[in-house]
Amino acid sequence: QVQLVESGGGLVQPGGSLRLSCLASGFTLSSYDMRWHRQAPGKERELVAGISRFGTVTNYADSVKGRFTISRDNRKNTVYLQMNSLKPEDTAGYYCNARRSPDGNLAYWGQGTQETVSS
């Protein structure tokens with residue numbers, strides 16, 4: 001059974017930090033580029049961060065650059081998103097996405113974890 005399971009979401013104060021985790025099972029994570037997406041109510045799902053198969057290349061949305069860090073541990077089949085200096089605008093459901101590289105012919109999504117930034 002192919003699964004991506006996110007965890008680590010919750011309620012935090014503005015300026016606080018959270019670390020999200022995405023645990024993959026049923027496939028080999030090292031064959032996949034990994035991404036974090038988020039979707040807030042009334043807004044389209046947007047790409048937050050991406051990381052290549054072995055972590056050599058990362059990319060971030062302008063809105064989170066300098067505050068968020070994506071990383072991965074292929075031996076643990078886990079991808080992380082460290083979120084610092086959180087803002088209310090970061091409130092969203094966060095979703096882990098796996099895309100097989102380099103062909104991109106397979107992709108999987110997690111169920112999401114909710115992050116709320118509020119005072």
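Predicted model, so just to flag it, every value in this text is computed and none were measured.
Atom NZ in K65 sits 12.5 Å away from atom CZ in R67 (nearest 0.5 Å). In this structure, OG on S63 lies 5.0 Å from CD on E46, to the nearest 0.5 angstrom.
A pairwise comparison of heavy atoms in A92 and A40 identifies CB-N, 3.9 Å as the closest pair. The two atoms that bring A24 and L4 nearest to each other are CB-CD2, 3.5 Å, heavy atoms only. Contact record, T113 with G8: OG1-N, 4.3 Å, taken as the closest heavy-atom pair. Residues Y95 and G110 approach most closely at CD2-O, 3.7 Å, considering heavy atoms. Closest heavy-atom contact between L81 and A49: CD1-CB, 4.1 Å. When all heavy atoms of S30 and N74 are compared, the closest pair comes out as CB-ND2, 3.6 Å.
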Please determine whether side chain to side chain contact (heavy atoms under 4.5 Å, CB included) holds for the pair L47 and N59, giving the CA-CA distance in whole Å, both sets of side-chain angles, and the decisive distance to 0.1 Å. CA-CA 10 Å; L47 175 64; N59 60 276; 4.0 Å; yes
Working note: R53 + D33, criterion side chain to side chain contact (heavy atoms under 4.5 Å, CB included); need CA distance, chi angles, decisive distance, verdict. CA-CA 5 Å; R53 292 173 60 193; D33 293 332; 3.7 Å; yes
Should L20 and M83 be marked as a side chain to side chain contact (heavy atoms under 4.5 Å, CB included) after you check the CA-CA gap, both sets of side-chain angles, and the distance that decides it? CA-CA 8 Å; L20 306 183; M83 305 184 293; 3.6 Å; yes
Determine whether V5 and Q111 satisfy the following criterion, side chain to side chain contact (heavy atoms under 4.5 Å, CB included), listing intermediate values before the conclusion. CA-CA 7 Å; V5 180; Q111 83 291 341; 4.3 Å; yes
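Side chains of S71 and M34 form no contact here, defined as non-hydrogen atoms less than 4.5 Å apart. With a 4.5 Å cut-off on side-chain heavy atoms, Y108 and Y32 count as touching.
Legend: residues meeting side chain to side chain donor-acceptor pair (under 3.5 Å) with R100, ordered by chain and number and at least two apart, are D103. With sequence neighbours excluded, the residues satisfying side-chain contact (heavy atoms from CB on, under 4.5 Å) with T116 are L11, T91, Q114, S118.
Heavy-atom neighbours of K43 NZ from other residues, nucleotides or ligands within 6.0 Å: at or below the threshold of 12.
Between the side chains of R99 and N97, no donor N or O sits under 3.5 Å from an acceptor N or O.
Residues V2 and L106 share a hydrophobic cluster, clusters being chains of Ile/Leu/Val/Met/Phe/Trp/Tyr side chains in contact below 4.5 Å. Grouping the Ile, Leu, Val, Met, Phe, Trp and Tyr side chains by contacts below 4.5 angstrom, directly or via other members, places V64 with V12.
Of the possible polar contacts, one joining the Y60 side chain to the I70 backbone as a donor-acceptor pair under 3.5 Å is found.
Checked against Y94 for a side-chain hydrogen bond (donor to acceptor under 3.5 Å, both in side chains), the options H37, E115, E6, Q39 give a single hit: E115.
Judged as a side chain to side chain donor-acceptor pair (under 3.5 Å), the pairs with a partner in residues 76-88 (not counting sequence neighbours) are, in order, S17-N84, Q82-N84.
Both the sub-6.0 Å distance and the 45° axial angle are satisfied by R45 relative to the ring of W109.
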